[in-house]
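Encoded as structure tokens, the structure appears first; notes follow it.
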Amino acid sequence: MFRSYILLFLLLGLVMTTGSALGAEKAFVGGQILTISGNQIDKGTLIVRDGKILAVGPANSVAIPENAERIDVTGKVLMPGLVDTHSHIAQVEGADSTAPIQPDVRVLDAINVRDSRIQKAQAGGITTANVMPGSGHLLSGQTLYLKLRDGKLTDDLLILLDDGSIAGGIKMANGTNSQRQAPFPGTRAKSAALVREQYIKAEEYRKKLEAAEDDPEKMPARDLRMEALVEVLTGKRVVHHHTHRFDDILTVLRLQKEFGFKTVLHHVSEAWKVADEIAESGAASSLTVVDSPGGKLEAKETSFRNGKALEDAGALVGFNTDDSITDSRLFLRAAALAVRAGMSREKALYGMTLAGARMLELEQRIGSLEVGKDADFIVLSGDPLSVYTKILETWVEGKKVFDRSDPRDRLYAVGGYGASHDQPNSFDAVLAGEVH
Amino acid sequence: MARMERLKTCRWRGMTPVLVAFLVLMTMVSLSNAQVAVKGEKVYTMASGVIADGVVVITDGKIAEVGPANEVTIPPGHELLDAKVVTPGLIDAHTVVGLAGQLNRDQDQDQLENSSPIQPELRAIDAYNPRERLVSWVRSFGVTTIHTGHAPGNLISGQTLAAKTGGETVDEAVLRPAVAIAATLGTGAREQGRAPGTRSKAVAMLRDKLLKAQEYSDKVAQAEEGKAPARDLEMEALAQVLSHELPLLVTVDRANDILTALRLADEFGIRLILDSVAEAYLVLDQLKASGFPVVLHPTMKRAFGDAENLSWETASKLRRAGIPFAFQSGYESYVPKTRVVLFEAAVAAANGLSFEEALSSITIDAARILGVDDRVGSIEKGKDGDLALFDGDPFEYTSHVTAVLINGDLVSGGDKEWR
């Protein structure tokens with residue numbers, strides 16, 4: 001009996017030792033640190049432990065724990081992992097062609113975590129992505145905010161909120177993409193009418209739920225569509241709204257005013273025409289920066305200067321890849337092109353990180369290098385806004401998920417044979433040319 | 001010269017007056033009375049190296065002199081411009097802008113005619129819209145010459161042309177009315193519900209047409225006075241490929257399809273320009289041996305379909321192998337409706353190409369591949385006064401094009417026009 005206690009004690013000791021080894025601090029020393037929330041630190045120290053940021057600051061003000069593993073990043077730049085507020089990686093699917101409004105459809109049920117575009121996004125420094133269905137519907141489904149951890153199952157990439165629910169928003173669209181044959185709308189006014197009709201139904205459903213006061217006898221029958229829309233009305237689920245033309249943008253804001261949902265405006269091609277109105281509404285804007293105007297009517301007046309216009313108006317502005325509209329590996333290019341057109345460096349980098357975190361309502365956990373936040377960061381070879389800069393490493397919750405010096409990761413970073421195939425079981429076999 | 005020889009051997013005398021008229025017209029429209037001198041902290045001539053504190057004198061629209069500022073006398077009456085960096089006007093070695101428009105609606109999409117898979121007789125000059133906004137868009141990023149025309153997507157989609165991004169009519173814009181005949185191999189050539197439905201069928205159809213064109217050419221060449229066969233526009237166009245007057249521009253990505261293109265060239269003794277060529281890095285030896293140039297896919301092209309294995313480092317591999325290549329903005333069917341070749345070269349410059357190699361691939365190397373290097377592609381005495389002015393490293397995302405000159409005329413204030 002006594003011996004078993006000793007054994008148990010020894011085992012516990014072993015577990016604790018191993019545990020503390022796993023939980024050992026890593027100290028990144030010597031690099032320039034862009035915390036985003038505070039000032040740029042020219043020679044800083046970042047200490048991470050158990051997936052969180054333990055300390056960050058100038059080298060002379062941060063004590064490095066004795067047993068910490070030191071990682072020298074002299075000459076390099078550290079910044080928070082990038083937040084992509086609008087992406088279609090992971091072979092995502094949403095609503096089908098049977099109806100224009102499908103709030104019951106979940107991205108959760110239709111993604112492939114082995115999609116190589118997840119690896120490419122990691123190579124692009126993206127650590128959190130809002131993975132969404134497309135814009136061919138007025139409402140195409142529930143989106144997922146994914147942490148781009150190395151994972152083999154969808155569950156491995158989910159973000160769980162404090163109430164145990166899975167983080168995500170809802171995708172909506174107006175303008176031309178969702179206009180087609182009935183039952184889809186044929187005009188803009190019809191689009192808005194169809195959406196308002198559903199919101200009004202959801203308000204009624206919400207009233208029934210509230211009146212039932214959790215009494216199972218009085219609860220209305222479960223309705224997956226209405227449940228999702230009630231989450232929108234109560235603000236639990238942010239509306240990620242595809243909208244390009246200035247009048248379409250104003251329509252979103254009009255509906256927002258009527259029904260009180262939270263919204264992030266996506267693409268916002270003509271934001272420069274209504275930047276003040278956007279700022280006044282309090283809605284955030286997530287810009288897709290593309291290399292030329294057009295490709296469809298509603299995008300023909302897009303401008304690199306949307307970032308500057310929204311910044312000047314005082315609106316919250318961030319960016320997205322809309323991958324595969326732009327390449328996740330070049331996400332930083334969006335901020336750089338906005339700076340080309342007059343946006344401040346500071347706000348552009350904020351737009352790649354903390355602004356995105358705020359749009360996903362995850363700013364308590366991600367988006368800046370602050371004590372207590374998730375240790376999601378990237379190591380760059382130089383200025384984040386230079387074409388010549390390489391993303392060297394991407395870390396998610398204290399774990400390195402991309403390392404440019406590893407040939408397996410490098411394949412995804414620069415492309416080549418097999419780089420677009422699903423993540424295989426054995427990279428070695430791929431590199432040896434045995435599996436394609 | 002090759003043109004005149006072919007005219008003699010084929011005895012297509014009926015075309016001569018048309019060509020002469022065209023050449024006269026081209027000479028007329030290239031006249032410009034622009035007098036301008038451009039000073040640059042760095043002038044990349046792409047012919048005689050980089051000149052620090054250089055100056056380019058443009059007289060009557062042509063480059064009259066280039067050299068260090070302290071050695072060049074600027075003649076009176078020349079307007080002065082200055083910039084941090086001066087390069088030759090950039091060349092996009094393959095695009096569809098001008099045939100494809102930004103609206104992406106029926107009325108502005110003329111890059112593909114789907115009534116038949118093989119239509120080499122379709123001429124780009126009959127469709128090019130010099131006032132298309134996508135043309136002025138790429139011009140604002142320093143692009144002064146484009147190789148544009150029929151798009152990839154049909155087995156043979158039509159002809160391409162080389163044009164300046166200035167000019168209000170196609171005649172004013174055109175540099176070469178026909179540069180190549182555009183073909184596609186691989187998945188892109190396959191059609192739904194009609195032939196070709198497979199790769200093998202596509203090649204069989206192409207071989208069949210080329211054989212017929214060979215017979216047609218022979219008949220024309222051997223015909224006695226007044227007994228030439230009836231004119232056949234399709235056959236005439238393909239005969240130009242067989243006679244080496246025009247290369248076949250083959251859009252192809254997969255390694256096996258690249259080799260198929262080379263097999264075809266070998267069989268018929270035709271010249272190719274290999275276009276896109278995503279898997280070029282798998283067949284470098286064969287490409288090198290062929291001697292054919294490559295117009296490489298946009299670096300940022302999406303890695304899907306036949307191009308799924310593309311690499312950002314292919315350009316540097318072509319360069320190290322000594323295979324001539326240039327960059328293109330390519331063909332886009334959605335958003336963005338066109339890419340910008342400056343940006344495509346920039347990403348390659350960050351992935352193995354040196355700065356000057358990357359610049360070369362969108363200037364002089366592109367000019368040589370398109371056969372327009374007598375006019376454009378470098379800053380040399382006697383060439384057209386086409387320049388791009390920058391306020392910093394042209395490839396940096398945050399630099400700007402500050403002015404664009406064509407034949408010495410200020411045609412764009414640069415990308416600040418769009419800011």
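Note: hydrogens, waters and symmetry copies are ignored here, and every other heavy atom, side chains too, is used. Just so we're on the same page: letters track the sequence lines, and every chain starts at 1.
No more than 12 heavy atoms of other residues, nucleotides or ligands shown are found within 6.0 angstrom of CZ on B:R105. A:R180 CZ: more than 12 foreign heavy atoms inside a 6.0 Å radius. For CD of A:Q181, the number of neighbouring non-hydrogen atoms (other residues, nucleotides, ligands) closer than 6.0 Å is 12 at most. In this structure, A:K273 places its NZ atom where more than 12 heavy-atom neighbours from other residues, nucleotides or ligands lie under 6.0 Å away. For A:K390, the NZ atom counts as densely surrounded, since its 6.0 Å shell holds more than 12 non-hydrogen atoms of other residues, nucleotides or ligands. Counting heavy-atom neighbours within 6.0 Å of B:Q286 CD, excluding the residue itself, gives a total above 12.
Looking at B:A349, both its backbone and its side chain come within 4.5 Å of chain A, counting heavy atoms on both sides. Of the two parts of A:R345, neither the backbone nor the side chain holds a non-hydrogen atom closer than 4.5 Å to a non-hydrogen atom of chain B. If you measure heavy-atom distances from B:E332 to chain A, you find no contacts under 4.5 Å at all. When heavy atoms are compared at a cutoff of 4.5 Å, A:K120 approaches chain B solely by way of its side chain, counted from C-beta outward. When heavy atoms are compared at a cutoff of 4.5 Å, B:F395 approaches chain A by way of both its backbone and its side chain. Contact of A:A413 with chain B is made through the backbone alone, with heavy-atom distances under 4.5 Å.
Among B:N351, B:L310, B:T314, the single residue meeting the side-chain contact (heavy atoms from CB on, under 4.5 Å) criterion with A:V414 is B:N351.
Of all the listed residues (B:A278, B:G352, B:S333, B:A303), the one sharing the greatest number of non-hydrogen pairs under 4.5 Å with chain A is B:A303. The candidate from A:V290, A:T302, A:L330, A:D327 with the greatest count of non-hydrogen atom pairs under 4.5 Å with chain B is A:L330. Counting heavy-atom pairs closer than 4.5 Å to chain B, the top residue among A:S386, A:A309, A:A299 is A:S386. Most heavy-atom pairs under 4.5 Å with chain A, from the set B:T299, B:L282, B:D108, B:V335: that is B:V335. For the options B:V340, B:D393, B:L134, heavy-atom pairs under 4.5 Å to chain A are most numerous at B:D393.
At least one donor-acceptor pair under 3.5 Å links the side chain of A:S292 to the backbone N or O of B:K337. Using modelled atom types, one side-chain atom of B:R133 and one backbone atom of A:K300 make a donor-acceptor pair closer than 3.5 Å. Within the 3.5 Å criterion, the main-chain N or O of B:R339 finds no donor-acceptor partner in the side chain of A:D291.
Atom OH of B:Y397 sits about 11.0 Å away from atom CG of A:D383, to the nearest 0.5 Å.
Ring planes of A:F304 and B:F343: tilted class, angle from 30 to 60°.
Shortest non-hydrogen contact noted between A:V387 and B:A350 is O-CB, 3.2 Å. Nearest heavy-atom pair across B:N309 and A:Y417 is ND2-CE1, 3.3 Å. The minimum heavy-atom distance linking B:E396 with A:L385 is given by the pair OE1-O, 4.1 Å. Heavy-atom minimum distance, A:R340 versus B:H400: O-NE2, 2.5 Å.
Proximity of A:H421 to B:E308: side-chain heavy atoms (C-beta onward) are separated by under 4.5 Å at one or more points.
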